[in-house]
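Only a predicted model underlies this, so the values are computations on that prediction, with no experimental measurement involved.
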Amino acid sequence: MNYEQNEMEEELAAETGGMTKEDLQSIVANAIKLSIAYIDDEVSPNRAKATRYYLGDRFGNEEDGRSTVVSMDVRDTVSKIMPSLLRTFFGSEKVVRFEPRNEADIPFADMATEYINYILTEDNNLFLELQSCWQDALVRKVGILKFWYEETDETVHTMTDIDEMQFQALSGNDEIEVEVITSSVEIDEMGNPTSDEEPNYTIRVRHNDREGRVRVKSLPPEEFLIDRRATKIEDAGYCGHRKMATVSELIKMGYPRELVESKATSSDQLMFNQERMARDPDELNGYRDDEAMKRVLYVESYIRVDKNNDGIAELRRVCTMGDDYEVVHHEEVEQAPFATFCPAPEAHVFFGESMFDLVGDIQLIKSNVMRNMLDSLSMSIHPRVGVVEGSANIDDLLNSEIGSIVRMTQPGSVIPFSLPFVGKEAFPMLQYLDKVREDRTGISKASQGLDADALQSSTSVAVNATLQGAQAQIEMIARVFAETGMRQLYSGILKLVVANQDKERVIRLLDRDHPINPAPWNSSMDVKITLPIGAASEQEKIDSLSQIIQKQEEILKNFGPDNGLVTIENYRNAIQKQIELAGFKDVSSMLNTGQIQPPQAAEDAEAEAEPSQEDQLAQVQRFAIESDIKKKAAELELRRQEMIRDDDFKHDKLEADIMIKAAEIKAKYNTTLNVAEIKAAIDLNREALRAENQQQPNQRQAQRPAQQRAQQQGQRPVQPQPNRQPNPQGVRPVVQ
């Protein structure tokens, strides 16, 4: 909803009897003033004091000539907690996952988890934002993360070394705007070169492309406003974000320039806030009072009001501008875009306790004890002296140079007041104060690692118990952060992308490109917290998983995959958890993380694909019979060819013998035989034999199905009998 749409809505509200803009502005302005009074007058002074303690500033009770040392208990406590928290949330496991509410959400839950983690780690630097936010929480009671969906309508690129052809191609594109920054030759008003020399351009390209991204930012504590009666963000009647926005920033957001410039001022309402001054005392000296840096008080409020006069208060986002809190934009929203973190929440109040509330007094007491100890040591090393007035040179006494002389008129004029060092009596007090701090915060040497002095003679059970007990407070803080701020952050961003991302986006996950379209996702999916904390250390968990995996392997080996106790998916999950605990994030490169087909389904699929045993036996027999028939046919064909070759050979030999006999008879008896008739008779008999041999394979081919049926039924196949034909010439054929 833009500024013009708000004006149209106000006209409609006036006609229908709804809340007018003036009524809404009065309610919102009153809520803002009450929240500012609550934050600036009651909350900020305590948080400013906590900031000074964290920075190690002086307390204001110092005396000239005395020690001004400051103990850093608040900073030390926070510094010891932060690494454990960051390691817990940024380890190998995903501490936040989306759980499907129904069957339709199952295919989208894992993808939503991966995509929201990608948005927080790639589109935003979640590590640095959480580090800043958690530091505010541990020192200043509450840390605030704000998340919103930001759309960019214009993308600007600067391009160099562009020739004339490239320049003309870019200029002819209607979707972009080209602005010439520099050119190697002069160009006229129409953008054409004034000489024949080949020009070279440096241009600025503006591309109008609507694209949105989720943004996450840690807010300074003094910029966050909330109703004093609120206990959490979800039930707050009012909460908001105030800031001194620049004129340029507001114009880019779509507000009319005349309106923004009319609200601009050279002052900064937050400049004199106690928290900001404690955090950066020199900010006032670096402020620039010029036109380009003029700012406007801009408050983004989330308030529950009955705008449509239906008797039910709805949550509305109301934006105001200027010191008079003029309403410039309002719309109904589903949630307030804030995630809050408090390390030690108090029941029924929004602001709980910080580490400053737990150890601030200890820091003050320890600082005073240490100052007295150092003063005692200083006085024992450099004692005060008594002087007989007029008998010693006062300037010599005031000279603190080592080995310097003191001029006296008579002996004994200077008497040193030797004082013993009594600071050693204060060491037990320092140890007691450290013990009190450890009891309050749970932070000790053991919580940071093995204390050799305290645990050198302890058993492994005692060592583990000491370490686990020391980590209990940090685990408590991590659990509170996860159940409050992290849950708000993930569920809020899921709602943002489902409501605002209207086109598919391709992102790279696990070395593959994945198209993401959140439109069909359920924005109310449950957020599951899986913090990697507990009684056992990571190494102990890995060892326990190794034993579990070994037992699973034995069960699967002995009883099969369908044993009713351990499934293949259970086995895969145990290995996956062990890989994650070992610190490897890309589990899919070592293990198939997709859906596993159940053993019964696999057996059913195999049963459908494979024939029964009887069918397999019949098929084998059929193949054997067909192979045997083919083999027999090949043998018979080979024998037939051999018979034909033998017959040809014998026929040729017979013809040669006839010719020889005819020649002998003619030479001996002078009688000529009719060789042609003899050959004709032989050829006739030969043709009859060839016809018989050609008919036999055809008969065998026709009788083959009957043989196959007989063999399948267990009968003896009938062997075909050769078809003998009479020899018309009385010549006996050669048959083998």
Nearest atoms (heavy-atom pairs only) where R304 meets A313: C-CB, 4.1 Å
Derivation and outcome, side-chain contact (heavy atoms from CB on, under 4.5 Å), residues F147 and Q335: CA-CA 11 Å; F147 49 90; Q335 62 180 350; 4.0 Å; yes
NZ/NE/NH1/NH2 to OD/OE distance under 4.0 Å, E332 and R317: no
L297 vs M321, side-chain contact (heavy atoms from CB on, under 4.5 Å): CA-CA, chis, key distance, verdict: CA-CA 6 Å; L297 176 61; M321 195 179 297; over 6 Å; no
side-chain contact (heavy atoms from CB on, under 4.5 Å) between F98 and D110, worked out: CA-CA 7 Å; F98 290 103; D110 291 339; over 6 Å; no
Over all atoms of both residues, closest heavy-atom pair of L545 and K577: CD1-CG, 3.7 Å
pair Q552-E554: side-chain heavy atoms closer than 4.5 Å: no
Reported OG1-to-CZ distance for the pair T51 and R47, which is rounded to 0.5 angstrom: 8.5 Å
Derivation and outcome, side chain to side chain donor-acceptor pair (under 3.5 Å), residues N30 and S26: CA-CA 6 Å; N30 184 56; S26 176; over 6 Å; no
N124 side chain to V216 backbone, donor-acceptor under 3.5 Å: yes
Worked check of ring pair (Phe, Tyr, Trp, His ring centres under 6.0 Å) between W148 and F338: CA-CA 9 Å; W148 70 96; F338 302 107; 9.9 Å; no
Non-hydrogen side-chain atoms of V527 and I529 separated by less than 4.5 Å: yes
Any donor-acceptor N/O pair, R440 side chain to L358 backbone, under 3.5 Å: yes
Flag, side chain of N517 to backbone of E504, donor-acceptor distance under 3.5 Å: no
Worked check of side chain to side chain donor-acceptor pair (under 3.5 Å) between Y571 and Q576: CA-CA 9 Å; Y571 181 66; Q576 179 177 350; over 6 Å; no
Note, T246 side chain near V296 side chain (heavy atom, < 4.5 Å): no
Non-hydrogen atoms of V139 and F356 that approach each other most closely: O-CB, 3.8 Å
Under-4.0 Å salt bridge between R97 and E114: no
Euclidean distance, E353 CD relative to M355 CE, rounded to 0.5 Å: 8.5 Å
Salt bridge flag under 4.0 Å for residues E475 and R479: no
Backbone N/O of A230 and side chain of D227: donor-acceptor pair under 3.5 Å: no
F224 side chain reached by C239 side chain, heavy atoms, under 4.5 Å: yes
E249/K243 salt bridge by N-O under 4.0 Å criterion: yes
Exam field: side chain E129 to backbone L145, donor-acceptor pair closer than 3.5 Å: no
Distance, nearest 0.5 Å, that separates CG of N46 from CG of D357: 5.5 Å
Aromatic plane relationship, F481 with F341 - under 30° parallel, 30 to 60° tilted, over 60° perpendicular: perpendicular
Heavy-atom donor-acceptor pair, S301 side chain to I303 backbone, under 3.5 Å: no
E103 CD: over 12 foreign heavy atoms closer than 6.0 Å: no
Carboxylate-amine/guanidinium proximity below 4.0 Å for E331 and R316: no
Stepwise side-chain contact (heavy atoms from CB on, under 4.5 Å) check, H514 with V506: CA-CA 5 Å; H514 296 267; V506 178; over 6 Å; no
Validation row: P343, W134 side chains within 4.5 angstrom (heavy atoms): no
Minimum heavy-atom distance between A104 and P107, given as atom pair plus value: O-CD, 3.5 Å
Polar side-chain atom of N117 near backbone of T113 as donor-acceptor pair, under 3.5 Å: yes
L315 side, atom CG; Y238 side, atom OH - distance, nearest 0.5 Å: 12.0 Å
Closest approach of E275 to S44 (non-hydrogen atoms, all atoms of both residues): OE2-OG, 2.7 Å
R276/D40 ion pair, N-O < 4.0 Å: no
Over 12 foreign heavy atoms within 6.0 Å of CD, Q550: no
Student check: side-chain heavy atoms of V305 and V28 closer than 4.5 Å: no
Donor-acceptor pair, side chain of S132 and main chain of L128, under 3.5 angstrom: no
Heavy-atom closest contact (P518 atom, Y115 atom, distance): CG-CE2, 4.1 Å
Donor-acceptor under 3.5 Å (E222 side chain, N273 main chain): no
V480 side chain reached by I477 side chain, heavy atoms, under 4.5 Å: no
Polar contact flag, side-chain donor to acceptor under 3.5 angstrom, Q488-Y490: no
Straight-line distance of N522 CG to D105 CG, nearest 0.5 Å: 4.5 Å
D136 with K141: basic N within carboxylate O range, under 4.0 Å: no
Derivation of the side chain to side chain donor-acceptor pair (under 3.5 Å) call for H241 and E223: CA-CA 6 Å; H241 175 209; E223 292 186 0; 2.9 Å; yes
Sidechain N-carboxylate O distance under 4.0 Å for R505, D123: yes
Stepwise side chain to side chain donor-acceptor pair (under 3.5 Å) check, N570 with T567: CA-CA 5 Å; N570 298 143; T567 64; 2.9 Å; yes
Separation of L225 CG from R242 CZ (nearest 0.5 Å): 5.0 Å
Side-chain touch T320/Y298, heavy atoms, less than 4.5 angstrom: no
